[in-house]
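Structure, as structure tokens:
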Amino acid sequence: MESVIRKRPILLTIVCILGFVWIVFSFPAVFSPSVKKLGDWYPALFGLIVAASFISYIGVWYMKKWGVSLFAITFFVKEIILIFIDDVSYAGIVFSVFFISSMVSFYKRMDSNL
Amino acid sequence: MIFLGLFRESILFAINALVVNKLRTFLSLLGITIGIFAIITVFTIVDSLEQNLRKSVQSLGNDVVFIEKWPWTFGENYPWWKYMNRPDADYNELDEILRKCNGAQSAAFVASTAITVKYKSSSIENVTIICASHQYDKVKNFEIASGRYFADIESSAGRPVAIIGDVLAKALFPNQDPLGQSIKINGAKVDVIGVFKKEGESILGGSSDTQILVPINYARSLIDIRSENLNPQIMVRAKAGVSNEDLIDELTGLMRAIRRLKPLAEDDFALNQTSLISNQFDGLFGIIGIAGWIIGGFSILVGGFGIANIMFVSVKERTNIIGIQKSLGAKNYFILLQFLFESVFLSLIGGIIGLLVVYLITLLAGDTFGMEITLSRSNIILGFTISILIGVISGFVPAYGASQMDPVEAIRAN
């Protein structure tokens with residue numbers, strides 16, 4: 001099946017741009033001293049989350065369904081880790097839920113191919 | 001199996017990129033190398049400093065409270081004019097503490113100053129002499145490499161005996177056993193009965209390597225132990241199960257009673273603990289860590305752009321091959337992963353070079369800075385993580401672009 005170029009709604013463009021800005025700011029957090037202090041493997045875990053979030057935004061930017069799925073999975077994994085280290089941000093949850101609902105509302109218009 | 005083949009092919013492409021365009025690839029990887037080098041170097045130094053500080057604090061004793069005139073906290077609001085009028089810790093107060101303090105396992109009175117030590121024609125100036133009461137070995141963590149600690153009678157009778165540091169022992173007695181020899185302290189003969197085990201330099205100073213320990217009752221004949229210059233202090237070690245806070249509460253009440261302070265009068269003594277020192281250093285290490293984080297972060301950002309650039313060029317150069325691969329049935333994810341692996345591999349090479357440079361520096365530095373600098377496992381993991389992460393982030397867009405190419409147009413491309 002050939003990929004079809006689909007027009008991206010303005011709301012998803014804003015969501016993706018905000019997401020890319022978030023990635024730029026959260027990338028240095030991967031190797032911040034505070035994350036490093038949590039344990040040897042936490043920077044790697046946070047790095048994985050940041051990379052997965054970045055890829056998911058690329059997917060949503062190109063109107064791909066896998067982008068939404070990857071974003072949702074990343075969100076849940078991230079929240080589980082944050083609960084585990086007792087660093088849950090309610091503002092972060094509200095933003096992410098808003099992002100997911102925006103993506104889901106256009107899910108049917110998205111491409112199911114890679 | 002297909003992934004292994006894909007992985008192998010991507011590595012070969014990356015190696016090929018390195019071999020064919022040496023200078024271009026090297027310059028692109030330089031950003032990652034410098035970034036990883038900057039971040040990991042700073043973290044390695046901070047970790048080593050912290051480790052050294054912890055070791056030093058541990059040698060002072062985590063469960064020891066120091067009764068002194070001056071508190072160990074410093075800052076803008078430090079009323080030194082109040083503290084300087086306080087009385088010094090007194091030897092007689094030690095007896096009261098030993099008798100009445102329920103939370104104390106042991107306590108010792110300690111005073112120190114600098115003296116000159118002589119043995120035959122050898123002479124060493126500015127050696128720290130520690131004058132301590134008998135229970136010093138129970139409140140201070142140290143090991144004796146050869147010889148023994150003071151006997152009870154030696155401490156109480158004030159016999160001229162001393163335990164000397166490893167560095168002093170080697171300097172004064174280069175080719176002989178120091179045990180049983182007599183050294184001269186302020187002109188008085190003192191027998192060496194023990195040598196401390198080598199401790200290494202301490203970030204807080206006061207390493208036992210360059211100290212001499214003598215019984216306080218002997219030191220009275222050498223120096224004025226009531227002098228303020230000797231920084232007299234009482235060290236109190238908590239019993240097992242008694243927290244430092246509980247011990248401090250008890251000692252506060254006890255010291256106020258000993259010094260007969262009125263209920264509304266301020267304390268005229270300071271109860272210090274080692275956590276006060278480590279807390280102050282934590283702030284400093286935090287600032288150094290953040291500085292390294294910012295400097296390294298920018299280098300890595302630049303390195304990421306370098307990798308993204310090289311990947312865009314790589315996709316452009318291999319557009320025909322992508323077209324052929326797709327026309328022969330290669331899936332989009334195959335093309336995507338091929339370029340993504342290549343990007344991660346290139347980034348990893350940059351990161352590994354950065355880590356190797358840090359490792360070489362730690363080997364070369366050795367004990368130059370008076371402490372052991374080691375590249376820890378957590379920093380190696382961090383270096384690899386950042387390299388892989390930057391490879392994924394900077395390589396995904398070019399790789400995804402390659403995977404979405406139309407095979408016909410890709411084959412036609414020049």
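Proteins come first, then strands; the chains are lettered A, B, ... in the order of their sequence lines, and each starts at number 1. Quick note: numbers below take in every heavy atom, side chains included, and nothing from hydrogens, waters or symmetry partners.
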After noting the C-alpha distance and the side-chain angles of B:Leu382 and A:Trp41, does the key distance pass the side chain to side chain contact (heavy atoms under 4.5 Å, CB included) rule?
CA-CA 8 Å; B:Leu382 186 68; A:Trp41 292 100; over 6 Å; no
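The two residues A:Ala51 and B:Leu389 make their nearest non-hydrogen contact at CB-CD1, 3.4 Å.
We find the CD1-CD1 distance between A:Ile23 and B:Ile393 to be 6.5 Å, quoted to the nearest 0.5 Å.
Contact annotation for B:Phe396: only side-chain heavy atoms (C-beta onward) come within less than 4.5 Å of a heavy atom of chain A. For a residue to count as touching a neighbouring chain, one of its non-hydrogen atoms must lie under 4.5 Å from one of that chain's; by this rule B:Val46 does not touch chain A. Contacts between B:Thr385 and chain A at a heavy-atom distance below 4.5 Å involve the side chain alone, from C-beta outward. For a residue to count as touching a neighbouring chain, one of its non-hydrogen atoms must lie under 4.5 Å from one of that chain's; by this rule B:Ile381 touches chain A with the side chain only. Interface residue B:Ile300: only side-chain heavy atoms are found under 4.5 Å from chain A.
Here the side chains of A:Asn113 and B:Asn332 are not in contact, with every heavy-atom distance at 4.5 Å or above.
For B:Gln51, the CD atom sits in a loose shell: 12 or fewer heavy atoms of surrounding residues, nucleotides or ligands are nearer than 6.0 Å. Counted within 6.0 Å of CZ on A:Phe20, heavy atoms from surrounding residues, nucleotides or ligands total more than 12; the atom is thus considered enclosed. Counting non-hydrogen atoms of neighbouring residues, nucleotides and ligands closer than 6.0 angstrom, the CZ atom of A:Phe106 exceeds 12 such neighbours. Dense packing is recorded around CD1 of A:Ile83, with more than 12 heavy atoms of other residues, nucleotides or ligands lying under 6.0 Å away.
Heavy-atom pairs under 4.5 Å with chain B peak, among A:Val30, A:Leu48, A:Ile55, at A:Ile55. Ranked by non-hydrogen atom pairs under 4.5 Å with chain B, the options A:Trp66, A:Tyr42, A:Trp61 are led by A:Trp66.
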